[in-house]
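Protein chains get the first letters and strands the later ones, always in sequence-line order, with residue 1 at the start of each.
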Amino acid sequence: MTPEQLRDVVRTVVAAAVGRGALTVEVPDDVVIERPKNRAHGDYATNVALRLAKAAGRPPREIAGLLATDLAAQPGIASVDVAGPGFLNITLAQGALGQIAVRAVTAGATYGRTDVLAGQKLNLEFVSANPTGPVTLGSTRWAAVGDALARLLEASGADVSREYYVNDAGAQIERFGRSLQAVALGRPVPEDGYQGDYVETVAQQVVAEVPGLLEQPEEEQLAVFAERGVGAMVADIRSTLDGFGVHFDTFFSERTLHESGALEKAVATLREQGHVFETEGAVWLRTTDFGDDKDRVLVKADGEPTYFAADCAYYLDKRARGFDRVVILLGADHSGYVGRYKALVAAAGDDPATHLEIQIGQLVNLVRNGEQVRMSKRKGNFVLLTDLVDAVGNDAARYALARASVDQQIDIDADLWSRQTNDNPVFYVQYAHARISSVLRNAADLGLSLGEADGVDVTQLAHERESDLLRAIGEFPRVLTAAAELRAPHRVARYLEELAGTYHRFYDSCRVLPRGDEEATALTTARLWLCAATAQVLRNGLDVLGVTAPERM
RNA sequence: GCGCCCGUAGCUCAGUGGAUAGAGCAGGUGCCUUCUAAGCACUUGGUCGCAGGUUCGAUCCCUGCCGGGCGCACCA
């Protein structure tokens, strides 16, 4: 019996008690089934009696007592105890727990997936780093977390489109072009320009692409450097992210918004809604009507649209493309955007609470020799995605970045991460998978296989370590659902570490394969199913994080 | 000054109002003629920043304070 099935059973029992007048409460649609930390508290526990106490006007233990009797009579449940303030501690019948292994194996790659977000069309924007330089360590965090979140939402049934907003318009791009031009002409890079080895590389690439470029008038040169430079950077960013295993559905060009007249249209739309005003020669959006700190300029006094105007047009474009919800991952250095973004959504006539979601994540610091390395694109002194991957590999990099809560600033110790030691928990998890793979290979060599699902006797799985493992496997669907709802992919990583540990402890106490002259038994087959189920969950979980599940290590 | 995030074991960090607050690493003691010892068992280590409040119950919610990070442009 899975936790979900148990939840339904508990709800049915509550409803029955209400039906015959033993309780007068509304039957809750959601009943919390948890896995007690203390094994003495049964396989599962529910606090439903505590939750209902107030509404029923009766002491929780009394409610628990009457539910316990009914619950214990249900098939698949061995016993029910009332404990503490009114918890119901439930012990499942042996076979009921064992079915979890069969379910995980037969569901395969779909085990853990749900349809709780089915029908939702989401646009998930992340990374969106300026195309004026390579992908930095800071952006790498959002690449890892954003992609994991996308996979997580997909596992919950949502239709997710991964999007990267390319800021290929505006003064920053011109500055980038000027820097490339200066380098190509052998001049010093402007004060506010970009530095770093890549600037030279890109400049040379542009010069090589366009014969006679340096003989052209400087203004024409600049346009070429800006356009080709950005193109080269976008290509570089894209291939870097592809190599990292992060693939976007759309690279959305800001410039297309300028060129298509979408900005003017957006301003006009907002004006129709009655939230645009003009003063001091500029065009403003009255965002303060929607909770922003101050009103925001859409078109500057010099006639140039602001970045914010492009944001407005971009949001409207996403909505026009049919997305129910626009989700944006931003670094803490952009937290100031939230207020104006919510306001623009409201000003456009949408509801910020349903159509917009901005997730702010804290920054990543690099620590070297116990000292924080400051990162600045301008000075050309920064750590790149490729530096991290070169040092620790894709798997460790993705896992390490996805394993921490985005609310938490993380320090990456360069020395620690460049040492490839088992300090990195990803090895612990991957090792469990490799270990299981090895057991299953050895089983195959002995001519042993899982066989059909109806041929395995899961009541054989009665050892405490087997029960622990079955319960852990049974948690997986709920872990995915909760992680998706909370936008917290790191929960998946933490769960996998726990699952790996539970497997290692099982492995240590429970011999799977027959040794020497021993014959395979029904227990052997049941344990093979348990191993296969564990491996499946490890694969499914690692897949959400974009990390490989090696068969050998 | 205002806004957002954080403060949990020596270190890095989990912990969606529930039972005795956890993991990895680091320290200590054991376990390999047997399926991968990149493992396991035992052990050391906590005023959950401080003070109030709400609640049957608070690491979690509210308020204030202390400490750290990041923002507060007619920049992008």
Of Glu497(A) and Gly170(A), the one whose closest nucleotide on RNA chain B sits nearer the 5' end is Glu497(A)
query = For Gly84(A), which contact category applies under a 4.0 Å heavy-atom criterion: base, sugar-phosphate, or nothing?
reply = nothing
Ranking rU36(B), rA14(B), rG18(B) by distance to the side chain of Gln408(A), first place goes to rA14(B)
Checklist entry - Between rC4(B) and Ser335(A), is there an OP1 or OP2 to side-chain N/O distance shorter than 4.0 Å? => result no
Report yes if at least one side-chain N or O of Tyr399(A) is closer than 4.0 Å to OP1 or OP2 of rG24(B); otherwise report no. no
From CG of Asn47(A) across to C1' of rU55(B) the rounded distance in Å is 15 Å
Check your understanding: With a non-hydrogen cut-off below 4.0 angstrom, is Asp293(A) in contact with a base, only sugar-phosphate, or nothing?
Key -> nothing
**Prompt:** So, Gln430(A) side chain and Thr548(A) main chain: donor-acceptor pair closer than 3.5 Å or not?
**Reply:** yes
Base of rC74(B), side chain of Glu280(A) - is there a donor-acceptor contact under 3.5 Å?
yes
In whole angstroms, the gap separating P of rC5(B) from CD1 of Ile410(A) amounts to 18 Å
Return no unless some side-chain N or O of Lys294(A) is found under 4.0 Å from OP1 or OP2 of rA73(B).
-> yes
Discussion item. It should be established whether Arg296(A) places a side-chain nitrogen or oxygen under 4.0 Å from OP1 or OP2 of nucleotide rC74(B).
Written reply: no
query: May Phe87(A) be described as stacking on the base of rG18(B), applying a 5.5 Å centroid limit and a 30° limit on plane angle?
result: no
Is it true that the side chains of Gln359(A) and Glu357(A) contain a donor and an acceptor less than 3.5 Å apart? yes
* Hey, is the side chain of His504(A) poking within less than 4.0 Å of OP1 or OP2 on rA41(B), counting only N and O atoms? -> no
Open item on the list: For the base of rA19(B) and the side-chain ring of His41(A), does the geometry meet a stacking cutoff of under 5.5 Å between centres and under 30° between planes?
Closed with: yes
Which of rG18(B), rG39(B), rC13(B) is nearest the side chain of Ala404(A)? It is rC13(B)
Syn within 90° of 0, anti beyond: rC62(B) is anti
Testing rG18(B), rC75(B), rA38(B) for proximity to the side chain of Lys300(A), the answer is rC75(B)
All heavy atoms of Ala49(A) vs all of Gly86(A), minimum pair found to be CB-O, 3.6 Å
From the candidates rA14(B), rG17(B), rC74(B), the one with an atom nearest any side-chain atom of Ala301(A) is rC74(B)
Note to self: Given 3.5 Å as the limit, does a donor-acceptor pair link the side chain of Gln181(A) with the main chain of Arg178(A), or not?
What the structure shows: no
Rounded to whole Å, the CZ-C1' distance (Arg35(A) to rG15(B)) equals 13 Å
Note to self: Between Trp529(A) and Val105(A) (side chain of the first, backbone of the second, donor and acceptor by atom type, cut-off under 3.5 Å), is there such a pair?
What the structure shows: no
- Query: Within the structure shown, what part of the strands sits under 4.0 Å from Ala443(A) by heavy-atom distance: base, sugar-phosphate, or nothing?
  - Reply: nothing
> If you measure from the Lys or Arg side-chain nitrogens to the Asp or Glu carboxylate oxygens, is any gap between Glu34(A) and Arg478(A) under 4.0 Å?
Replying inline: no
Among the nucleotides rG18(B), rC74(B), rA37(B), whichever has the atom closest to the side chain of Arg435(A) is rA37(B)
- Task: Classify the nucleic acid contact of Ile360(A) as base, sugar-phosphate or nothing, counting any heavy atom under 4.0 Å across all strands shown.
- Result: nothing
For the side chain of Tyr495(A) and the base of rA23(B), is some donor closer than 3.5 Å to an acceptor across the two?
no
Exercise for review: Report which part of the nucleic acid Ala45(A) touches: base, sugar-phosphate, or nothing (heavy-atom distance under 4.0 Å, all strands).
Suggested key: base
Have a look at Tyr428(A) and say if it touches a base, only the backbone sugar-phosphate, or nothing, with a 4.0 Å heavy-atom cut-off.
sugar-phosphate
